[in-house]
K.L.:
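The structure is given below, and queries will be raised subsequently.
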Amino acid sequence: MSETLLQDLKARGLVAQMTSEEELEKHLSEGSVTLYCGFDPTADSLHIGSLVPLLTLKRFQEYGHKPLALVGGATGLIGDPSFKAQERKLNDDSTVAGWVEKLKKQVSAFISFDCGDNSAEVVNNLDWTQNVNILTFLRDIGKHFSVNQMIAKESVKQRIDREGAGISYTEFTYMILQSYDFQQLNASHGCTLQIGGSDQWGNITGGTELTRRMNGNQVFGLTLPLITKSDGTKFGKTESGTIWLDAAKTSPYAFYQFWLQTADADVYRFLKYFTFLSVSEIEQIEKDDAERQGRPEAQRVLAEETTRLIHGEEGLAAAKRITEALFSGDTSSLSEQDYAQLAQDGLPSSVLDLDAVADSPLTTILSEAGMAPGGKQVKDALQRNAVIVNGNAHGMDDNMNATGVFAAENALFGKYFLVKLGKKKHHLFTNA
RNA sequence: GGUGAGGUUCCCGAGUGGCCAAAGGGAUCAGACUGUAAAUCUGACGCGUAAGCUUCGGUGGUUCGAAUCCACCCCUCACCA
């Protein structure tokens, strides 16, 4: 590769801030660097908000550097106050410990543990913090921090300056804990670089300073940009909630659909952030899309690349199979086996016991199946004839007619009902 | 410990005795238009097919009637000590 890693990252727009660019560039060129990025357990799975840092670790590894994925068994117990408007509730330690185990597995999927000298490692900061004595902490670590500097950090400013906000000592200490992580990893693993989201800048620089003071070593920090959408809404959320990396929480199909629905204004930027396609390849795609009128290819490429990264070839194949079937408009081409496969591939599905629900209105049946959060929305769709069962549109008239709608003679292959609510929500009912 | 400000439906935020299931904005959902896009327009947005039912930190109370008044409690925040 003629281009350096930093040049590539910058071309992708993946660098928000870094400590002394020239020195970091030089440091990275001098051989394999050990770097780390922390992931705090705040839920039982990572979501796509963590994707950029994870992929960046992988990018570093591809350039021969050694990534450490740090799972915040300790910091997760405290809660990062950075740019958070208010104090957060503490999670109890057994919960956090359970999440730590899940996150370990997830982060492991991205980086290689079997590539020689720069094989990745997963570390847990609970290992080096849980037995630190409070007096040791205050005298050996705390002494290096100036409260004046800490309160001046942009990341906690709004909590300190703003009326109606506040910050507990617990959360205020978070920065010290994270700084300590960097110092410890520098001592134990020779780690010299920390990466993280741009909200982590304050915590990262805290770590570089602590390492310099305690270990006498110069270490570096680099932050990644916050992913924004052109329409100003929050990235990574949809009507059905957060997009998780765990296939059990967000199916490969739903994941694929999420990316497919990326706005034009964002898609080329996202290709640079979330795929390993080279910048020039991405520019070519953009050019081709511009020349060809109509639907751009970029969304499809983005969805394929990301789904493959997270869920593998199989997950991608499943996602595409469902997408083909549902959006081609031609479900008649599907065989009986195809229907059985759809449910397995992650198309939302459920078993319908017509005897049990014969008296229920469709609003109840469909909302309980998870097609809509409440009956009201099903009702709204019914009033607009936007509920399609095996190709037949239904309106309010059929609301109390579950028996007729789901009559055995209408079932495909004697047992399948493919229900479509609106343009994008599909659900497969199987006759009991 | 003292003083002050607060806790409203997913979020922000109006509402200070009946006209309040509760303004407005955001987010979200559906329809039209489209490219499973954006923008725009329309409708929905506590629960319920409906009749109706349950909400405004909690518990009691005043009242024909309370998100609104009173008492106590819980929680958050700010300032002071």
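Because the structure is a prediction, the values reported are computed rather than measured. These numbers come from the heavy atoms of this one structure, side chains and all, not from hydrogens, waters or symmetry mates.
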K.L.:
Is A:Q299 close to A:V301 at the side-chain level, that is, under 4.5 Å between some pair of heavy atoms?
P.N.:
no
K.L.:
Return the nucleotide paired to B:C45: Watson-Crick means purine N1 to pyrimidine N3 with N6-O4 or O6-N4, wobble means G-U with N1-O2 and O6-N3, both under 3.5 Å.
P.N.:
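Across any shown strand, B:C45 pairs with none.
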K.L.:
When the distance from CE of A:M396 to P of B:U49 is rounded to whole Å, what number comes out?
P.N.:
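Checked: the CE to P distance equals 8 Å.
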K.L.:
With both distances kept under 3.5 Å, what pairs with B:A14, Watson-Crick or G-U wobble?
P.N.:
none
K.L.:
If you measure from the C1' atom in B:C79 to the same atom in B:U62, how many Å do you get, rounded?
P.N.:
35 Å
K.L.:
Name the pairing partner of B:U9, where a pair is Watson-Crick or G-U wobble with both distances under 3.5 Å, or state none.
P.N.:
none
K.L.:
Report the distance from atom NZ of A:K425 to atom P of B:G31, rounded to the nearest whole Å.
P.N.:
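The answer, rounded to whole Å, is 9 Å.
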K.L.:
Whole Å only: how far is the CG atom of A:L382 from the P atom of B:G48?
P.N.:
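A:L382 atom CG is separated from B:G48 atom P by 13 Å.
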K.L.:
Looking only at atom C1', what distance separates B:G1 and B:G46, rounded to whole Å?
P.N.:
42 Å
K.L.:
With the threshold set at 4.0 Å, does a side-chain nitrogen-carboxylate oxygen contact exist between A:K287 and A:E283?
P.N.:
no
K.L.:
Taking only residues at least two apart or on different chains, which pairs with a member in residues 139-148 of chain A satisfy salt bridge (charged side-chain N to carboxylate O under 4.0 Å, His left out)?
P.N.:
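Residue pairs with at least one partner in residues 139-148 of chain A: there are none.
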K.L.:
Should the pair A:F429 and A:F406 be assigned to parallel (<30°), tilted (30 to 60°) or perpendicular (>60°) ring geometry?
P.N.:
perpendicular
K.L.:
What pairs of nitrogen or oxygen atoms, one from the protein and one from nucleotides 51-54 of chain B, lie under 3.5 Å apart?
P.N.:
none

K.L.:
Between A:S168 and A:N399, name the one whose nearest nucleotide on RNA chain B is closer to the 5' end.
P.N.:
A:N399
K.L.:
Got a salt bridge between A:K249 and A:D44, using NZ or NE/NH1/NH2 to carboxylate O under 4.0 Å?
P.N.:
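So A:K249 pairs with A:D44 through a salt bridge.
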K.L.:
For the P atoms, the ones on B:U28 and on B:A78, what distance do you get once it is rounded to whole angstrom?
P.N.:
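Per the computed distance, 32 Å lies between those P atoms.
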K.L.:
Taking the side chain as everything from C-beta on, heavy atoms only, tell me whether A:V405 gets closer than 4.5 Å to A:N392.
P.N.:
no
K.L.:
Is there any protein nitrogen or oxygen under 3.5 Å from a nitrogen or oxygen in nucleotides 40-44 of chain B, and what are the pairs?
P.N.:
residue: B:G43; atom: N2; partner: A:D380; partner atom: OD2; Å: 2.9

K.L.:
Base, sugar-phosphate, or nothing: which does A:A386 touch, judged by heavy atoms less than 4.0 Å apart?
P.N.:
sugar-phosphate
K.L.:
When the C1' atoms of B:G61 and B:U68 are compared, how many Å lie between them, rounded to an integer?
P.N.:
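Approximately 15 Å lies between the C1' atom of B:U68 and that of B:G61.
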K.L.:
Please round to the nearest 0.5 Å and tell me the distance separating atom CG of A:L277 and atom CD1 of A:I285.
P.N.:
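One finds 5.5 Å between CG of A:L277 and CD1 of A:I285.
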K.L.:
Under the side-chain contact (heavy atoms from CB on, under 4.5 Å) rule, collect the residues that match up with A:D199, sequence neighbours excluded.
P.N.:
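Listed in chain order: A:F83.
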K.L.:
When you compare the protein's N or O atoms with those of nucleotides 35-39 of chain B, which come within less than 3.5 Å of each other, and at what distance?
P.N.:
residue: B:G35; atom: O6; partner: A:D264; partner atom: OD2; Å: 3.1
residue: B:G35; atom: N1; partner: A:D264; partner atom: OD1; Å: 3.3
residue: B:G35; atom: N1; partner: A:D264; partner atom: OD2; Å: 2.6
residue: B:G35; atom: N2; partner: A:D264; partner atom: OD1; Å: 2.8
residue: B:U36; atom: O2; partner: A:Q257; partner atom: OE1; Å: 2.8
residue: B:U36; atom: O2; partner: A:Q261; partner atom: NE2; Å: 3.2
residue: B:U36; atom: N3; partner: A:Q257; partner atom: OE1; Å: 2.8
residue: B:U36; atom: N3; partner: A:Q257; partner atom: NE2; Å: 3.2
residue: B:U36; atom: O4; partner: A:Q257; partner atom: NE2; Å: 3.2
residue: B:A37; atom: OP1; partner: A:K424; partner atom: NZ; Å: 2.9

K.L.:
Counting the benzene-type ring for Trp, do A:F235 and A:F274 have ring centres under 6.0 Å apart?
P.N.:
yes
K.L.:
Taking the C1' atom of each, how far is B:C70 from B:A23, in whole Å?
P.N.:
28 Å
K.L.:
Partner of B:A23 by Watson-Crick or G-U wobble geometry, both contacts under 3.5 Å, or none?
P.N.:
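Base partner found: none.
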K.L.:
How far apart are the C-alpha atoms of A:I365 and A:L352, what are their side-chain angles, what is the distance that settles it, and do they pass the side chain to side chain contact (heavy atoms under 4.5 Å, CB included) test?
P.N.:
CA-CA 9 Å; A:I365 297 172; A:L352 183 70; 4.0 Å; yes
K.L.:
Want to settle it: does A:G374 or A:A381 sit nearer the 5' end of RNA chain B, counting the closest nucleotide to each?
P.N.:
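Closest to the 5' end, via its nearest nucleotide, is A:A381.
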K.L.:
Centre-to-centre under 6.0 Å for A:F182 and A:Y36, is that the case here?
P.N.:
yes
K.L.:
Using the C1' atom as the reference point in each nucleotide, state the distance between B:U8 and B:U76 in Å, no decimals.
P.N.:
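It works out to 15 Å between them.
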K.L.:
For A:F276, is the NZ or CZ atom of A:K58 found under 6.0 angstrom from the centre of its six-membered ring and inside 45 degrees of the ring axis?
P.N.:
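Yes, a cation-pi geometry holds between A:K58 and A:F276.
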K.L.:
Going by purine N1 to pyrimidine N3 plus the second Watson-Crick contact, or the G-U wobble pair, all under 3.5 Å, which nucleotide sits opposite B:C33?
P.N.:
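B:C33 is unpaired by these criteria.
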K.L.:
Please give the nucleotide sitting opposite B:C77 as a Watson-Crick or G-U wobble pair, both distances under 3.5 Å, or none.
P.N.:
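When the pairing criteria are applied, B:G4 turns out to be the nucleotide that pairs with B:C77.
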K.L.:
Less than 4.5 Å apart, side chain to side chain, heavy atoms only: is that true for A:F113 and A:V122?
P.N.:
yes
K.L.:
How long is the span from the OG1 atom in A:T363 to the CG atom in A:D380, to the nearest 0.5 Å?
P.N.:
12.5 Å
K.L.:
With a 3.5 Å limit on both atom pairs, tell me what B:A67 is paired to, counting Watson-Crick and G-U wobble, or say none.
P.N.:
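Base-paired to nothing in any strand shown.
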K.L.:
What are the atom names and distances for every N/O pair under 3.5 Å that joins the protein to nucleotides 4-9 of chain B?
P.N.:
none

K.L.:
On a whole-Å scale, what distance lies between the P atoms belonging to B:G58 and B:C11?
P.N.:
15 Å
K.L.:
Can you say whether the rings of A:W244 and A:H47 are parallel (under 30°), tilted (30 to 60°) or perpendicular (over 60°)?
P.N.:
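Perpendicular.
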K.L.:
Roughly how many Å is it from CD in A:E368 to P in B:U49, rounded to a whole number?
P.N.:
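Rounded to whole Å, this separation is 9 Å.
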K.L.:
Supply the atom-to-atom distance A:D181 CG to A:I204 CD1, rounded to the nearest 0.5 angstrom.
P.N.:
11.5 Å
K.L.:
Please give, in whole Å, the distance from B:A30 P to A:H394 NE2?
P.N.:
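A:H394 atom NE2 is separated from B:A30 atom P by 18 Å.
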K.L.:
Expressed as a whole number of Å, how far does the C1' atom of B:C53 sit from that of B:A21?
P.N.:
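Roughly 11 Å separates the two C1' atoms.
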